[in-house]
Amino acid sequence: MLRVEGVSKTYDRGLIVLEDVRLHLASGEFAALVGPSGSGKSTLLNLIGLLDRPDRGEIILDGVPVSNLSRVEAARVRNYLIGFVFQSFHLLSRLTAWENVALPLLHRGVGGAERKARALAMLERVGLSDRVFHRPDQMSGGQRQRTAIARALVGEPRLILADEPTGNLDSTTGSQVIELLRSFNRDFGVTVLMITHDRDMAMLCDRVIEICDGRLLPQGDAG
Ligand SMILES: Nc1ncnc2c1ncn2[C@@H]1O[C@H](COP(=O)(O)OP(=O)(O)O)[C@@H](O)[C@H]1O
Ligand SMILES: [Mg+2]
């Protein structure tokens, strides 16, 4: 469902961040992206998530080349196909849990009643039925990340991109977050690409993709 073909990215002053990256993910895969700090992991995830553009190469989502879409088209593809989960949750502090979860549907033009119903159903699915009217500062880190996962999944995306989703959590809570992502992968076939520093978390994935100095390391035939 995802193909990254010969993608390169250079920032100002000629710093090469990604060089000739080629990566294929099949539908339903649950993959870890691991590598040292500064190796280009977040840059690659942001390119796949259409938050940034490659200098060279192409990214193909569900058969559609997406590297040269306009901002508006990219935002639409992102809204329908991709869910993001971040290390620091990126919830809006003024909004309650359900309002945060409903945001992708708001951007899609879904009406108020349906938005709320779907957000509440997602919060129930992630075990937060008793936190729907809480704001982020009234929740623990694990609860915030589960809220963020509900937001990422409420629009039924095909691909979840997670950038160190357990980085701000203790290991028990982190494992619960991975297990939650795993359950969506198992039950709905959503494809997951997750950056992690943690070898134990990576071991929970079907496949481990390693990056170093902006290049993917050759892989075994797992996956
Ligand atoms: N917006 C940017 N402008 C300039 N350099 C950047 C930018 N984003 C990242 N970099 C640089 O690109 C390299 C890779 O960063 P990043 O993808 O965040 O690495 P990782 O997520 O693996 O730690 C680093 O050297 C970083 O300083
Ligand atoms: Mg990073």
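Counting starts at 1 for both ligands and their atoms, in listed order. We use all heavy atoms of the structure for the numbers below, so side chains are in, but hydrogens, waters and symmetry mates are not.
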Note to self: Please determine whether Ser42 has a backbone or side-chain N, O or S atom lying under 2.8 Å from the Mg ion (ligand 2).
What the structure shows: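 Yes, Ser42 qualifies, because one of its backbone or side-chain N, O or S atoms lies under 2.8 Å.
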
Subject >> Geometric N/O contact Val17 with ligand 1, under 3.5 angstrom >> reply: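 No; the residue has no nitrogen or oxygen that sits under 3.5 Å from a nitrogen or oxygen of the ligand.
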
**Asked** Just distances here: any N/O of Gly40 and N/O of ligand 1 closer than 3.5 Å?
**Response**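 Yes, Gly40 has an N/O under 3.5 Å of an N/O on ligand 1.
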
Q.
Side chains of Leu159 and Val190, heavy atoms from C-beta outward: is any pair under 4.5 Å?
A.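 In short, these two side chains do not touch, never coming nearer than 4.5 Å.
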
query = Does Pro165 reach the side chain of Gln87, with side-chain heavy atoms less than 4.5 Å apart?
reply =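 Not in contact.
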
Can you check whether a protein heavy atom sits less than 4.0 angstrom from atom 7 (C) of ligand 1?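 Yes, there is a protein heavy atom closer to it than 4.0 Å.
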
- Query: Does the protein put a heavy atom less than 4.0 Å from atom 27 (O) of ligand 1?
  - Reply: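 Under 4.0 Å from atom 27 (O) of ligand 1, zero protein heavy atoms found.
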
Can you pull out the closest protein heavy atom to [atom]? Residue, atom name and distance to 0.1 Å, please.
| atom | value |
| --- | --- |
| atom 18 (O) of ligand 1 | Ser42 CB, 3.7 Å |
| atom 24 (C) of ligand 1 | Gly38 O, 3.9 Å |
| atom 5 (N) of ligand 1 | Tyr11 CD1, 3.2 Å |

Notebook entry, point to check: So is Arg182 actually on top of Phe30's ring, under 6.0 Å and inside 45° of the axis?
Noted result: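 So Arg182 does make the cation-pi contact.
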
- prompt: Any salt bridge between Arg158 and Asp62, counting N to O under 4.0 Å?
  reply: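 Looking at Arg158 and Asp62, the cut-off is met.
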
request  = Would you indicate which of Asp12, Ile211, Thr43, Leu47 comes nearest to atom 17 (O) of ligand 1 when only heavy atoms are counted?
outcome  =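 It is Thr43 that holds the nearest heavy atom.
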
